[in-house]
Amino acid sequence: MNSQFQWLIFDADDTLFDYAYGERNALETTFREFGLPFDARALELYRDINHQLWLRFEKREITGAQIRAERFTKLFAALAQREPPGLAERFIDHLAEQTTLIQGACELVRTLQCTYRLAVITNGMARVQQPRMAQSLLAPYISELIISDQVGAAKPAPEIFDYAFARMGNPPRERVIIIGDSLTSDMQGGVNYGIATCWYNPAHQPRPPQLPLTYEIHALRELIPLLTTEN
């Protein structure tokens with residue numbers, strides 16, 4: 001057994017939670033609730049707008065409150081429609097209900113918690129992430145849930161890792177690894193903080209040469225043999 005790591009830090013969305021499914025479901029439910037047509041174009045526009053706003057959030061250019069305010073303003077402007085009052089808040093309510101996991105996520109964390117301590121660091125909103133985690137099958141196995149909305153800093157900023165490490169009892173950095181799908185937040189944050197990284201890359205995207213990643217996996221099931229193989 002490889003005893004190098006004591007703590008495993010996971011990203012939440014698109015690493016453990018099937019965010020793409022949950023996002024679509026929440027958006028469609030919200031549109032239907034307000035009597036609005038929902039189609040692939042609306043989803044694509046929303047995802048592009050939301051993605052660009054979250055990238056700006058990672059760079060500390062905007063706040064989480066601005067994301068909540070601007071994404072639907074921009075979306076309905078692009079759709080040439082009037083934004084219904086209260087729609088943005090109802091979307092958050094419905095997003096908080098989405099607990100569908102990536103295939104194999106529950107089995108993975110249930111197995112790993114027997115050997116390692118598990119934490120989640122997410123660049124998300126507490127109103128969404130806290131109820132999702134509490135209602136999910138992952139809840140019994142996660143020791144620490146760190147949410148950028150509550151910390152006041154987001155991955156890749158070192159402040160959120162400082163906060164997480166304090167909650168984790170300040171383990172040696174060489175005993176910690178972060179597992180996530182995002183190069184800009186999870187992997188860049190881990191590299192900057194001096195901890196091991198494992199890029200979850202199910203789409204087999206090209207590995208960026210400028211980012212020195214420690215490991216790469218294409219399916220969650222690959223993590224266990226990676227961790228249990230002697231280096």
Side-chain angles (χ1 to χ4, degrees), residues 4-20 22-23 47 50-61 64 67 101-102 104-105 108-109 112 116-126 128-129 132-133 136 138 141-165 167-168 171 173-224 226-227:
Q4 176 183 355
F5 300 116
Q6 176 185 356
W7 277 91
L8 312 182
I9 298 174
F10 285 90
D11 173 47
D13 294 326
D14 293 321
T15 299
L16 296 175
F17 287 97
D18 189 341
Y19 186 76
E23 178 185 61
R47 283 180 168 168
N50 192 53
H51 177 67
Q52 295 303 320
L53 288 171
W54 278 103
L55 288 177
R56 292 182 61 197
F57 177 75
E58 291 174 12
K59 298 174 182 177
R60 304 185 180 187
E61 295 175 356
I67 293 176
L101 302 175
I102 296 288
L108 176 74
V109 298
L112 291 174
Y116 308 95
R117 301 290 302 280
L118 308 183
V120 168
I121 302 180
T122 173
N123 284 1
M125 303 172 187
V128 173
Q129 303 295 43
R132 286 175 72 214
M133 181 62 74
S136 80
L138 304 177
Y141 312 115
I142 304 299
S143 298
E144 298 291 346
L145 174 61
I146 313 299
I147 305 172
S148 62
D149 198 28
Q150 296 177 319
V151 178
K155 297 173 293 185
E159 291 86 349
I160 195 167
F161 289 92
D162 287 339
Y163 181 88
F165 268 63
R167 290 272 296 268
M168 292 155 51
R173 295 191 189 191
E174 63 270 18
R175 302 295 304 281
V176 180
I177 183 171
I178 182 169
I179 302 102
D181 69 295
S182 172
L183 292 171
T184 56
S185 61
D186 306 318
M187 298 298 98
Q188 189 66 63
V191 168
N192 292 350
Y193 206 67
I195 61 176
T197 56
C198 180
W199 184 30
Y200 173 52
N201 180 22
H204 294 259
Q205 300 174 38
R207 188 165 179 167
Q210 74 280 9
L211 196 59
L213 305 177
T214 314
Y215 305 108
E216 177 181 342
I217 58 174
H218 303 116
L220 290 179
R221 64 178 179 273
E222 297 172 12
L223 184 61
I224 293 177
L226 181 153
L227 293 172

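These values consider heavy atoms only, across backbone and side chains, with no hydrogens, waters or symmetry-generated copies.
Residues D149 and V128 form no side-chain contact, since every pair of their non-hydrogen atoms from C-beta on lies 4.5 Å or further apart. No side-chain heavy atom of S148 sits less than 4.5 Å from a side-chain heavy atom of K155. Looking only at side-chain heavy atoms (C-beta outward), D13 and Q129 come within less than 4.5 Å of each other. Between Y215 and I177 the shortest side-chain heavy-atom distance falls below 4.5 Å.
A search for ring pair (Phe, Tyr, Trp, His ring centres under 6.0 Å) contacts involving W54 returns F57, not counting sequence neighbours. Not a single ring pair (Phe, Tyr, Trp, His ring centres under 6.0 Å) links H51 to another residue, sequence neighbours left out.
Within the model, atoms OH of Y141 and OG of S136 stand 10.0 Å from one another, a figure rounded to the nearest 0.5 Å. Note: H218 NE2 to W199 CH2 = 7.5 Å, rounded to the nearest 0.5 Å. A distance of 11.5 Å separates CG in N192 from CE in M187, rounded to the nearest 0.5 Å. How far CG of D181 is from CG of D14: 5.0 Å, rounded to the nearest 0.5 Å. Interatomic distance, CD1 of I160 versus OG1 of T122, reported as 8.0 Å (0.5 Å rounding). Within the model, atoms CG of D18 and CG of L101 stand 8.5 Å from one another, a figure rounded to the nearest 0.5 Å.
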Decide side-chain contact (heavy atoms from CB on, under 4.5 Å) for L211 and T197; before the verdict, give the C-alpha distance in whole Å, the side-chain angles of both, and the deciding distance to 0.1 Å. CA-CA 10 Å; L211 196 59; T197 56; over 6 Å; no
Candidate pair F10 and L108, rule side-chain contact (heavy atoms from CB on, under 4.5 Å), full reasoning: CA-CA 11 Å; F10 285 90; L108 176 74; 4.0 Å; yes
Given side-chain contact (heavy atoms from CB on, under 4.5 Å), test R167 with Y163 step by step and report yes or no. CA-CA 6 Å; R167 290 272 296 268; Y163 181 88; 3.1 Å; yes
From CA spacing to verdict: side-chain contact (heavy atoms from CB on, under 4.5 Å), R173, F165: CA-CA 9 Å; R173 295 191 189 191; F165 268 63; 3.9 Å; yes
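Taking each heavy atom of R117 and S143 in turn, the nearest pair found is NE-OG, 3.4 Å. Across all non-hydrogen atoms, the minimal contact from F161 to G190 is CZ-N, 4.0 Å. Annotation for F17 and I102: closest pair O-CG1, 3.6 Å, computed over non-hydrogen atoms. Taking each heavy atom of Y193 and P158 in turn, the nearest pair found is CE1-O, 3.8 Å. I67 approaches N50 most closely through the heavy-atom pair CG2-OD1, 4.0 Å. When all heavy atoms are compared, the tightest approach of D11 to V120 is C-CG1, 4.4 Å.
The backbone N or O of G104 sits nowhere less than 3.5 Å from a side-chain atom of R221 that would complete a donor-acceptor pair.
Partner of V151 under the side chain to side chain contact (heavy atoms under 4.5 Å, CB included) criterion, chosen from I121, D162, I146, N123: I146.
Sorted by first and then second residue, the pairs that involve residues 201-212 and meet side chain to side chain donor-acceptor pair (under 3.5 Å), not counting sequence neighbours, are N201-E216.
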